[in-house]
Amino acid sequence: MMLRDTWVLFRHGLGVTLGQRIGIVIGAIQPLLFLVLFGPIFVTIGTWETLVPGLIVQLGLMSAGMAGFGIVFDKRGGVLERLRVTPASRLALLLGRVLNNVVTLVLQTVLLLAVAYAFGLRAPLAGVLGSFVLVVVLGASLAALSYAIALTINEHLFPPVMTTAVVPLVLLSGSFLPMSMAPGWLDALSHVSPFRYVLEALRDLFHGHYLTGTVAAGAAVTVAFAVFGLTIGTRVFNREQA
């Protein structure tokens, strides 16, 4: 029953998303602009294989991390109230949305990678596929947390709170430059962010290094963050939709 409800809700949400393809492009526009306008400068001191994983993490934070906007609008429009009286399980209501956000993130990542390869990215296919696994898990946990935050705080506070939070998270992850180049205090502070470990794992994978401690640490942090995010998201969703 839950799987069927999840599939129905996911299929409906995906239909809406694919019907508004321009929205997928707009959601990826900032990382794309960094790629096009900042990338040619960055590769004079670094490589595309170092920059592009950072832009993927930035994309994840901005796309899946902002997923709560959708539930804010549904809350205002009374959609959540109508869903409350349906026989669909509360977990299915959350997972259907999260899966739609994951598919959106994957499509945006593919778009970003296509442009990156045109500019000079030469990451191996195995590394890219391994990175997609981490991106999917990370996207699901970010979307679940975003919904939890949107349902917990005042709907008018959600946009400024999330926008403000995303900027330091992107910077502390080392999206634009490896944090090993930062001053000691900033490098130490960045270790608090789980996104640094994910990003460093993506960079190893993009450079063709698979069986490394960095990849193992990134995978472990990604799984732990997913458990945390999905647990919080489920609890909040059940409480708010009870």
Side-chain angles (χ1 to χ4, degrees), residues 6-39 48 51-77 79-80 92-119 121 123 125 128-150 158-159 162-163 165-167 169-170 173 175-176 195 198-199 202 206 222 226 229-230 233:
T6 300
W7 170 250
V8 170
L9 291 164
F10 164 66
R11 187 176 59 183
H12 170 73
L14 184 61
V16 174
T17 298
L18 295 179
Q20 301 172 340
R21 295 180 183 86
I22 188 64
I24 297 176
V25 177
I26 291 175
I29 198 68
Q30 188 165 321
L32 283 170
L33 286 175
F34 274 111
L35 176 70
V36 174
L37 302 180
F38 176 66
W48 291 106
L51 175 64
V52 174
L55 297 180
I56 291 174
V57 169
Q58 180 191 23
L59 177 60
L61 283 165
M62 298 182 64
S63 180
M66 295 296 186
F69 273 109
I71 212 166
V72 167
F73 293 131
D74 285 353
K75 199 174 179 180
R76 289 177 182 174
V79 175
L80 286 182
L93 294 177
L94 173 64
L95 291 180
R97 291 173 179 271
V98 167
L99 289 175
N100 182 43
N101 297 129
V102 168
V103 171
T104 300
L105 177 59
V106 167
L107 293 175
Q108 291 171 332
T109 303
V110 169
L111 174 62
L112 181 66
L113 285 173
V115 177
Y117 272 106
F119 268 75
L121 175 68
L125 179 60
V128 172
L129 293 177
S131 297
F132 263 104
V133 175
L134 295 182
V135 168
V136 166
V137 177
L138 182 67
S141 52
L142 280 170
L145 270 180
S146 183
Y147 287 129
I149 295 170
F158 179 79
M162 292 304 292
T163 302
V166 162
V167 174
L169 287 174
V170 169
S173 71
S175 286
F176 302 112
F195 306 109
V198 179
L199 174 51
L202 293 182
F206 268 58
T222 302
L230 291 170

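We're numbering straight along the sequence, starting at 1. Being a predicted model, the structure only gives us computed values, none of them experimental.
- Distance CZ/Phe38 to CG/Leu51: 6.5 Å, rounded to 0.5 Å.
- Side-chain atoms of Ser146 do not come within 3.5 Å of backbone N or O of Leu142 as any donor-acceptor pair.
- Residues Pro31 and Leu55 approach most closely at O-CD1, 3.8 Å, considering heavy atoms.
- At least one side-chain heavy atom of Ile56 sits under 4.5 Å from a side-chain heavy atom of Phe206.
- In this structure Tyr117 satisfies the ring-ring contact (aromatic ring centres under 6.0 Å, His included) test with no other residue, sequence neighbours excluded.
- Summarising the geometry of Met162 relative to Ile149, their closest heavy-atom pair is SD-CD1, 3.9 Å, with the distance given to 0.1 Å.
- Rounding to the nearest 0.5 angstrom, the gap separating the CZ atom in Phe132 from the CG atom in Leu138 is 13.0 Å.
- Heavy atoms only, all atoms of each residue included: Ala64 and Leu105 are closest at CB-CD2, 4.4 Å.
- Put simply, CG on Leu134 and OG1 on Thr222 are 4.5 Å apart, with the number rounded to the nearest 0.5 Å.
- Between Leu199 and Ser173, the shortest heavy-atom distance links the atoms CD2-O, 3.1 Å.
- What you find for Phe158 and Phe69 is that their closest heavy atoms are CE2-N, 3.4 Å.
- If you take CG on Leu112 and OG on Ser63, they are separated by 11.5 Å, rounding to the nearest 0.5 Å.
- Contact of the Val98 side chain with the Tyr147 side chain is registered, since non-hydrogen atoms from C-beta on lie closer than 4.5 Å.
- Here the CG-CG distance, from Leu95 to Asn100, works out to 12.5 Å after rounding to the nearest 0.5 Å.
- No side-chain heavy atom of Leu107 sits less than 4.5 Å from a side-chain heavy atom of Leu111.
- Between the side chains of Gln58 and Ser175, no donor-acceptor pair of N or O atoms lies under 3.5 Å.
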Step by step, work out the side-chain contact (heavy atoms from CB on, under 4.5 Å) result for Val52 and Phe119.
CA-CA 11 Å; Val52 174; Phe119 268 75; over 6 Å; no
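- The minimum heavy-atom distance between Ala123 and Val128, with the atom names listed, is CB-CG2, 3.8 Å.
- Rounded to the nearest 0.5 Å, atoms CD1 (Ile29) and CG (Leu59) are 11.5 Å apart.
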Stepwise side-chain contact (heavy atoms from CB on, under 4.5 Å) test for Trp48 and Leu35:
CA-CA 9 Å; Trp48 291 106; Leu35 176 70; 3.4 Å; yes
